[in-house]
Amino acid sequence: MTVDVVTEEPGLALPGWVAVCRVGDLSPERGAAALVGGEQLALFRTHTDDVYAVQQLDPFSGAHVMSRGIVGSRGDAPTVASPMYKQVFDLRTGECLDPAGREPQPLRTWATDVRDGVVHVSRHEVAA
Amino acid sequence: MPQGSPTQQLVVIGGGMVARRLIDALRSRDEAGTWEVTLLCEEPRAPYDRVALTSYFTGRHPEDLALGGQDLWDDPLVTLRRGVRADRIDRDARTVTTSGGAVLPYDALVLATGSYAAVPPVPGKDLRGAFVYRTIDDVADLRAFVEKRRGELDRPVRGAVVGGGLLGLEAAGALTALDMESTVVEFAPRLMPLQVDDGGGAALKRLIEALGVRVRTSTATSKIVGDRGAVSRMEFGEGPALDVDVVIFAVGVRPRDELARDCGLEVGERGGVLVDDACATADPAVWAIGEVANIGGRCLGLVAPGYTMAEIVADRLLGGAGTFPGADLSTKLKLLGVDVASFGDAFAQEPGGLEVVISDPVAGVYKKLVMSDDARTLRGGILVGDASAYAALRPMVGRELGGDPAAYLLPEGSGPAPVGDLPDDATVCSCNNVSAGAVRCAVTEGGCTDLGGVKACTRAGTSCGSCLPLVKRLVTTELERSGIEVSNALCEHFELSRAQLFDVVRVQGLTTFSEIIAAHGRGRGCDICKPVIGSILASLGTGHILEGERATLQDTNDHVMANLQKDGSYSVVPRIPGGEITPEGLIVIGEVAKDFGLYTKITGGQRIDLFGARIEQLPQIWKRLVDNGFESGHAYGKSLRTVKSCVGSTWCRYGVQDSVGLAIALELRYRGLRSPHKIKLGVSGCARECAEARGKDVGVIATDNGWNLYVGGNGGFTPRHAQLLAEDLDTETLVRAIDRFLMFYVRTADRLQRTAAWVEDHEGGLESIRSVVIDDSLGIGADLDAAMAGHVDGYEDEWAAALADPEKLRRFGSFVNAPDRADDSFAYVAERGQPRPATPEERTSGVLIAGTTLEVRR
Ligand code: SRM
Ligand SMILES: Cc1cc2nc3c(=O)[nH]c(=O)nc-3n(C[C@H](O)[C@H](O)[C@H](O)COP(=O)(O)OP(=O)(O)OC[C@H]3O[C@@H](n4cnc5c(N)ncnc54)[C@H](O)[C@@H]3O)c2cc1C
Ligand code: SF4
Ligand code: FES
């Protein structure tokens, strides 16, 4: 892993990770947009307090809105439904579970880690 | 073919709808993998739904027209070659040469090259601005041209369509949808000459003209005159010339049989590759299907017979012996607001036919059934103005109708459609050639338990969709008959329907999602059940929609109390009860819009919409509005939207009651009422009905003695006129009846079911609802009254409440780690003096006037 020094973001800097906010800043079962290294991400906190990070850009509409979708589950998968045209994605992998009649397109995802109540997001996208 | 032998090569030329069906059918049946398929598509995309081409105008993406899934193209035995034309066939060598110079060997070759749009040889046909209407690219070019002209001209763009048939009328409708003036020019003395008779043509002409399209029949186009290379005027055999900017030719199609001609295959006198009833040409290795095939002496310009041919060839390639049964040429015009259908022996050409005709020029309806000489067997018919009986009648062609044929021609809703008795071999879906039996079988033997399953398994209803109501009723009847409970499960998390869930929540007094899903569901919910539960809890008056866990249930619109727009910004609609507003109020709205740089527009609901607000601006905007006496208009909620009014007796010389006063009172009474779908009301001050009250869920029309109450109307996708519930009510009785009607609806309707569908689905229909609402037949009147009183007393303005609560305001931050930083992905362009979202092209070409960094005045 490359070691990366974080300067522009607040909070505890850890190599390769960006401290984004406190877990308490995220409402359970709702998303929030975050700026990480100039990129717009959508963070989600589930009812079990897992935190996921995916791209904020909705690939189907081209608008930056993923954080405003409804959080839920499909079988075992924690999900978010795009607020625009309602495609459903697996929050863990970004996989498109319901393309709502279009060609499926995945979301990019980033690893997250909650340390001492602070949500950290990996600078490096999880390879698809 | 014996197992283990090498795969054979099938080359299909032409990537149209029919080719897709062939390959689908072949791949689903050829389990042994005996054929490897290559599809050559001259167009730059996989086969798409040409029948739905016009919907591409209404802003759809090309990919929305995709036919079926991508899976077929991922199949290793299928190669899709887009943008590749077949140039030559060598029948001796059994090869096809492509435009790229590749030589593909084949064991079997299928020609599915479809048709050209024909262009009549009029002078000027090649000018810029002259189009045909056949492919996505045609439509995209047309749309781009119109947009460009619109920018250059300071008047509406003018268009004309040559040809008044099915396609021409569809195209003319598309032009009006693009806000153009449009004229249809037809050579024959009436529109749709091949489908309707003179009576039907006259009714159709009136309907088309009512859409704002001008019609010139018996008119031959003699010349198109250009100005600097672009279309500017049309001249005719007789009659005045017409100034136009765009001409669309929709005069018919000609089969694309040139490849066949060049390789010596026989073609018909008027074109088309000659095939026998197995779709085989004289060369045993070559087949032709779809519009290019000349079968039984003619080429067929509809998709249904093409699909049948595709199935036959798939069958033959696998050793079967299917033959073409003849074609059903029934058609239905797909033009919103103009209902036209023609089926069977519509022109009574068979001897001894009897015609039953109903013609009502006032209502714009013309209907004709052609019966056998004993008036018992249906032979065909023409329906103009109201084709609701089409789905049920078409399958009855050649069968005894039973009863008085005229009964089938009465207006929608007055007679039951003959579904139960539909014989198994009657075709229900003609696009996909699916019989009633096949639909039933999908339920009884195929294990399908809902409409979606039946569509996937039989393909019924997957093309033009006109048969869907019938298919749905067949499926439901069959499910009920086989004792299968028709599943009304909301989603994978709840087995209950919305109405059942409402009852459970109400009776058990549940107030949180967690309690409800723990007791009655599984998992953590989804975008279907969460908003439903959010709405139920709101209807039951459990407090602010954003309180605690309830906030997690709301769709983004309810969550931020604004309407999400295509670019991720929101719109703001303050309530303007009854459409009445003071000059001061107008100025406040104007100033807010100006200060925040919002696009403003008068809505169809008599109020003002402010567009382009960023999420973090919403509280600031609303603070200004609330401080000036405005409140939420709930444009975002499944709740009361507007009560539309006409000016009524206070000003209007014909008004007999104060319609504005009543509209405002009703709007204030029901504002904020959460419901299964949105609710709209209208109040007109006299029978002239300027408020279009009968197009609303609840419509009130003043009479000399009081008010008439209508229910179950809507506009939208399936417009319905509201039906009379009670007459000459005084205001108090009227309000109580509306209270009960709305509360009964809120409690018992399905998710996203408007009142019209609810009334229709309700056992006993309108009569039964009248007995509950007016006569209190269930004895729940007092309960409904109390629930409504609770709503009225409990009302608070959602926005005012949110502004007073810092916890609720937190959700309006743009970024959790930078709550005031504007999302810099927005980009706007000025148009007619106001901002609008930039198109992707404008973003890349950099013509933007501003991003979001300017706080004021974009
Ligand atoms: C703004 C407005 C168009 C306009 O510029 O005039 C509008 C805009 C939208 N309409 Fe509408 N409708 C608007 C008047 C209408 C009308 C006319 C009317 O109310 O008199 C109709 C037909 C009448 C009716 O509803 O029966 C109408 C029938 C629909 C429908 C179809 C409903 C149906 O039963 O088929 C939808 C889709 C839906 O609700 O599922 C829809 C949905 C929508 C949505 C919410 C689509 C969406 O999800 O983005 C639009 C967003 C609103 C927004 O503010 O961003 N809109 N819509 C009108 C707002 C009226 C208002 O003041 O609240
Ligand atoms: C606007 C519109 C509305 C319609 N509405 C209806 C309706 O409501 N109901 C109905 O039944 N029908 C309707 N039709 C007609 C219907 O679309 C056609 O009957 C159907 O598409 C025919 O399918 P096909 O596969 O035979 O031909 P096509 O869909 O025309 O496909 C042929 C394809 O082959 C390609 N091609 C041709 N030559 C070559 C070559 N040498 N090499 C490679 N590719 C080649 C063409 O580019 C084309 O993509 C409508 C048509 C239009 C244009
Ligand atoms: S405002 Fe209504 S009709 Fe217009 S585009 Fe939106 S949904 Fe369609
Ligand atoms: S009749 Fe067109 S889809 Fe069924």
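Naming: A, B, ... by sequence-line order, numbering from 1 per chain.
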Reference residue B/Phe815; test side-chain contact (heavy atoms from CB on, under 4.5 Å); the match among A/Leu41, A/Val20, A/Leu35, A/Leu43: A/Leu35
Residue pair A/Ser61 / B/Lys566, side-chain heavy-atom distance below 4.5 Å: no
Of all pairs that satisfy salt bridge (charged side-chain N to carboxylate O under 4.0 Å, His left out), the ones with a partner from residues 806-816 of chain B, not counting sequence neighbours: B/Glu547-B/Lys808, B/Asp805-B/Lys808, B/Glu807-B/Arg810
Can you see which heavy atom on B/Gln565 is nearest to which on A/Met84, and at what distance? O-CE, 3.1 Å
With chain B as the partner chain, list the residues of residues 65-72 of chain A whose heavy atoms fall under 4.5 Å from it, by residue number, and write 'none' if nothing qualifies. A/Val65, A/Arg68, A/Ile70, A/Val71, A/Gly72
For chain A, find which of B/Glu549, B/Arg522, B/Arg821 contributes the most heavy-atom pairs closer than 4.5 angstrom. B/Arg821
With a 4.5 Å heavy-atom cut-off, do A/Lys86 and B/Asp555 have their side chains touching? yes
Rounded to the nearest 0.5 Å, how far does CD of A/Gln56 lie from OG of B/Ser825? 8.5 Å
Does a sphere of radius 6.0 Å around CG in A/Asp76 hold more than 12 heavy atoms from other residues, nucleotides or ligands, not counting ones at 6.0 Å or beyond? no
Please report the interatomic distance OG1(B/Thr556) to CZ(A/Arg30), rounded to the nearest 0.5 Å. 6.5 Å
Chain A contact via B/Glu492 - which portion, at a heavy-atom distance below 4.5 Å: side chain
Chi angles and distances behind the side-chain hydrogen bond (donor to acceptor under 3.5 Å, both in side chains) call for B/His493, A/Ser73: CA-CA 9 Å; B/His493 307 101; A/Ser73 68; 3.3 Å; yes
Between A/Pro104 and chain B, with a heavy-atom cut-off of 4.5 Å, which part of the residue counts as in contact: side chain, backbone, both or neither? neither
Can you tell which part of B/Ser814 gets under 4.5 Å to a heavy atom of chain A, answering side chain, backbone, both or neither? backbone
So which of A/Ala81, A/Cys21, A/Ala34 has the largest heavy-atom pair count under 4.5 angstrom toward chain B? A/Ala34
Of all heavy-atom pairs between A/Ala63 and B/Gly568, which one has the smallest distance, and what is that distance? CB-N, 3.7 Å
Which atoms of A/Val80 come close to chain B, meaning under 4.5 Å heavy atom to heavy atom: side chain ones, backbone ones, both, or neither? neither
Heavy-atom distances under 4.5 Å only: say whether B/Asp567 touches chain A with side chain, backbone, both or neither. backbone
Looking at B/Asp527 and A/Arg74, does any basic side-chain N land under 4.0 Å from a carboxylate oxygen? no
Under 4.5 Å heavy-atom distance to chain A, tell me which part of B/Leu553 shows up: side chain, backbone, both or neither. backbone
